[in-house]
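Taking it in order: structure first as structure tokens, then the write-up.
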Number of protein chains: 2
Amino acid sequence: MKYNKNRKNREKLAISQIQSAGMRLTPQRLALAKRLFSGPDRHITAEELHSELKYADVRISLATVYNTLNRFTNAGLLREFFVDSNQSYFDTNTEPHHHFFYEELGKFVDVPINNLNIEFLTSPPKGTQVDSVEVFIKLSKVDSSNKK
Amino acid sequence: MKYNKNRKNREKLAISQIQSAGMRLTPQRLALAKRLFSGPDRHITAEELHSELKYADVRISLATVYNTLNRFTNAGLLREFFVDSNQSYFDTNTEPHHHFFYEELGKFVDVPINNLNIEFLTSPPKGTQVDSVEVFIKLSKVDSSNKK
DNA sequence: AAATTGTTTAGAATCATTCTAAATGTATTG
DNA sequence: CAATACATTTAGAATGATTCTAAACAATTT
Ligand SMILES: [Mn+2]
Ligand SMILES: [Mn+2]
Ligand SMILES: [Zn+2]
Ligand SMILES: [Zn+2]
């Protein structure tokens, strides 16, 4: 039965992520890791994850969600990013990439790094090196009233 | 005397910005507007502005700094942006542009829009339109130990 | 199984920001 | 140039996301 095999594999992946961060395996961490690391990449806040877990009847305190997200981030399993001043988002995709932001939905979608070609027409300032280049593209539903 | 003429011009610019936002001219707003709108573009937090003003012996409450920055932002004179979860930054440059971020200094420098050429190798999702494209480039001091 | 070490938790603390309501300032009117 | 209306400033309280504290609990080592 393929269904149970996938379930097992997702669990294994989650466990290996926790252990790769040098953290003990606990039910709370496993529940978080499964939601974060099995399935498509996510862009999510601590509060959102906490409600997801509550909805799934996983008992976990908000403090533990924060602790775990921060430790995953320090271990390089997540990346934290910021789009408004009152909440942090965590990105499960830690490779260099860009983002579409759907304004109406408030949702992010990854843009693979080689979907964009960025050409510097002026070189970066002397004495500096470029550590990262991130593009943030705001999208909205097509507005057909925008006729030329 | 050129010095006093520049001073007067900066004041006039500040006044016209306040009035273009449909706001009454007050000493607090004038002090803020002068520091924001005369001189090179800035990327600054409310607290930073508040200390600058305190240092210059301008008496203004932090609440007024926040109120004014928010009203300037709503009027399109400033743009708010976010780089960490605990403070908002305000950008005096409201035209589309990109940013260098000097990691060691925690400072931002504008990159004119046509210093970068961005080519989409895949078109944006059907039914959506691109509202803005912003590039954020992290810079650090050259690390000569990075030899190939 | 005792001892050690790591984890979770509730609730308190922190801190940027917003809100409240009273005092003060600016504009308008007669 | 009062009197009134309306806008702004302010101190301090409230809010809300995040972090901290310290006690209970769980996992690991001996
Ligand atoms: Mn953090
Ligand atoms: Mn704001
Ligand atoms: Zn992403
Ligand atoms: Zn800028």
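The figures here come from the full heavy-atom set of this structure, side chains too, leaving out hydrogens, waters and symmetry mates. By convention in this document, chain letters (A, B, ...) are assigned in the order of the sequence lines, proteins followed by strands, and residues within each chain are numbered from 1.
For C:dT9, the OP1/OP2 oxygens have a side-chain nitrogen or oxygen of A:Gln28 closer than 4.0 Å. For A:Arg29, a side-chain nitrogen or oxygen approaches OP1 or OP2 of C:dT7 to under 4.0 Å. For C:dA16, neither phosphate oxygen OP1 nor OP2 lies less than 4.0 angstrom from any side-chain nitrogen or oxygen of B:Thr45. A sub-4.0 Å separation between OP1 or OP2 of D:dT19 and a side-chain N or O of A:Asn70 is present. Between B:Arg71 and the phosphate of D:dT8, there is a side-chain N or O to OP1/OP2 separation shorter than 4.0 Å. Distances shown here put every side-chain N or O of B:Asn67 at or beyond 4.0 Å from the OP1 or OP2 atom of D:dT9. For B:Thr26, a side-chain nitrogen or oxygen approaches OP1 or OP2 of D:dT9 to under 4.0 Å.
Between A:Asp84 atom CG and D:dT18 atom C1' there is a gap of 14 Å when expressed in whole angstrom units. The separation between B:Leu69 atom CG and D:dT8 atom C1' is 15 Å, rounded to whole Å. Rounded to a whole Å, the NE2 atom of B:His50 is 15 Å from the C1' atom of C:dC15. Rounded to an integer number of Å, the gap from NZ of A:Lys54 to P of C:dA10 is 11 Å. Atom C1' of nucleotide C:dT17 and atom CD of B:Gln87 are separated by 10 Å, given to the nearest angstrom. When rounded to the nearest whole Å, the span between CE of B:Met23 and C1' of D:dT8 equals 9 Å. The distance between atom CG of B:Leu30 and atom C1' of C:dG25, rounded to the nearest whole Å, is 15 Å. In this structure, the CZ atom of B:Phe82 is 15 Å from the P atom of D:dA17, given to the nearest Å.
Contacts of B:Asp110 classified as side chain to side chain contact (heavy atoms under 4.5 Å, CB included), with partners at least two apart in sequence or in another chain: B:Asp41, B:His43, B:Asp91, B:Asn93, B:His97, B:His99.
In this structure a side-chain-to-backbone donor-acceptor pair under 3.5 Å is missing from A:Thr68 to A:Val65.
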Practice item. List the steps and the verdict of side chain to side chain donor-acceptor pair (under 3.5 Å) for A:Glu80 and A:Ser88. Key: CA-CA 7 Å; A:Glu80 199 174 359; A:Ser88 295; 2.9 Å; yes
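B:Gln129 and A:Ser140 are linked by a side-chain donor-acceptor pair at a separation below 3.5 angstrom, with hydrogens and angles left out of the test.
Remark: A:Arg59, A:Ile60, A:Ser61, A:Ala63, A:Thr64 in residues 59-66 of chain A come within less than 4.0 Å of DNA chain C through at least one heavy atom.
For B:Tyr89 and A:Gly22, each mapped to the nucleotide of DNA chain C holding its nearest heavy atom, the one lying further toward the 5' end belongs to A:Gly22.
Considering only side-chain atoms of A:Thr68, the nucleotide from D:dT28, C:dT8, D:dT8 that sits closest is C:dT8.
Note: A:Phe108 and A:Phe136 have tilted aromatic rings, judged against thresholds of 30 and 60 degrees for the angle between ring planes.
Counting heavy atoms from C-beta on, the side chains of B:Leu139 and A:Val130 come closer than 4.5 Å.
When all heavy atoms are compared, the tightest approach of B:Thr64 to B:Leu32 is O-CD1, 4.4 Å.
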